[in-house]
Amino acid sequence: MGKSKSSVEPLLFNGIEAFRLQAASGATALVSRFGGQVLSWRTADGCEQLFLSERARYDGSASIRGGIPVCFPQFSGLGDLPKHGLVRNRVWTPSGENCRDGYALLSLAVADDAQSRTLWPHPFRAEITVAIQDNRLDVELEVENTGADTFSFTAALHTYLRVKEVEQIAVQGLRGLEYRDAGDGDRIKRETSVELAVDGEVDRVYHEASAALLLSDGGRHLGIHSDGFPDAVVWNPWVNKCAALDDMAPLDFRRMICIEAAVAQRPFLLRAGESWAGRQSLVAI
Ligand code: TA6
C-alpha cells in the first residue's frame with residue numbers, strides 16, 4: 001500500500017472556518033481562521049497532543065480556550081491593551097499552503113485595520129505558519145512593521161498541552177533560570193528544580209530560556225524547542241482560577257499545562273519595514 005499524500009482542506013469546526021492539515025504519516029492538525037489558532041494536533045499514532053476545552057466559545061465573543069492562541073502585540077497584562085493583545089480575537093486570512101515531502105503547511109495572516117488602530121496606532125502584518133510532519137509540529141509567528149515608525153511589542157504562542165494528569169508531569173530544562181512569578185506578586189526567583197512538578201497554581205515567565213524543554217507525562221515525552229522567543233511561560237490555573245474561568249470545566253486544570261514561547265521580559269523593538277520571526281517546535285518522542 002502506498003503512503004497517503006499530505007493535504008490541507010477547509011472545513012467548518014463548531015461553526016467556524018478552519019483548515020485540516022494531514023501529513024503523509026497520518027498526523028493531523030486543525031487550524032482556525034478565528035485567532036489564527038491551532039486547535040488540534042494529533043501525532044501519527046492518533047494521539048491528541050493539545051488541550052482544547054469542551055467549554056470553549058466559538059461565537060467570536062472570546063478567544064478560543066485551548067490549542068495555541070497567538071498573543072500579539074502584548075503578552076498577558078504587560079501594557080494597556082486588552083489581555084494578550086489584539087489578534088487572538090480576529091479572523092485571519094489564509095496566505096499560503098504547501099504539501100510536499102510528506103509535510104503539510106498552512107500560513108494565515110492578519111493586519112492592522114481601523115479597529116485595531118483605535119487601540120494601537122501601528123500598521124503591522126502578522127503571519128502564522130503551521131507545519132506538521134510525522135511526530136512534529138512547528139508554529140512560526142512572523143511580524144512585520146508595515147508603518148513608518150518604530151513600535152515595540154511583546155508576544156507569545158500560548159500553547160495548551162494536553163496531559164493525562166497534571167500532578168504526574170515533569171518539565172525539565174528550566175533549572176537555573178530566573179523567572180518572574182506572576183502567581184506570587186511578580187517576585188523574581190530562580191528555578192532550583194531539575195524537574196518542575198505541578199501541585200498548585202503555576203504562572204511563571206522564565207527569562208532567557210534558550211534550552212530545549214522536555215515534558216514527561218507518564219510514558220509520553222514531548223520535546224519543546226523555540227527560536228526567536230527568548231522567554232518561556234509555564235501556566236496552570238489550578239483549582240480556584242480554573243473554577244473562575246467559565247470556558248473551562250472545574251477539573252480541566254488536571255488535563256492541561258501551558259508551555260508557551262514568549263517575548264515577555266523585554267519588549268522587542270521593530271523599526272519601520274523590519275520583520276521579526278519566532279518559532280515553537282513540538283516533537284513527540
Ligand atoms: O500565559 C499565562 C497567562 O498570562 C496567565 O496569567 C493566565 O491568565 C493565562 O495567560 C490565560 O489568560 P486568558 O486571558 O486566556 O484567560
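Side-chain atoms are counted along with the backbone in the values below, which use heavy atoms only and exclude waters and symmetry mates. Remember, it's 1-based here, ligands and their atoms both numbered in the order they're listed.
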Can you pull the residues with any heavy atom under 4.0 Å from ligand 1?
Arg65, Phe75, Ser76, Lys83, His84, Arg88, His158, Asp203, Val233, Trp235, Glu260
Just by distance, with hydrogens left out, do Tyr206 and Glu191 show a side-chain donor and acceptor under 3.5 Å apart?
yes
Side chains of Ser25 and Gln133: is there a donor and an acceptor less than 3.5 Å apart?
no
Is the Phe72 to Phe124 ring centre distance short of 6.0 Å?
yes
Is the NZ or CZ atom of Arg254 both under 6.0 Å from the centre of the six-membered ring of Trp238 and within 45° of that ring's axis?
yes
Qualifying side chain to side chain donor-acceptor pair (under 3.5 Å) pairs, either residue in residues 142-152, two or more places apart:
none
Cluster question for you: counting only ILVMFWY and a side-chain heavy-atom cut-off of under 4.5 Å, with indirect links fine, are Leu50 and Leu21 together?
yes
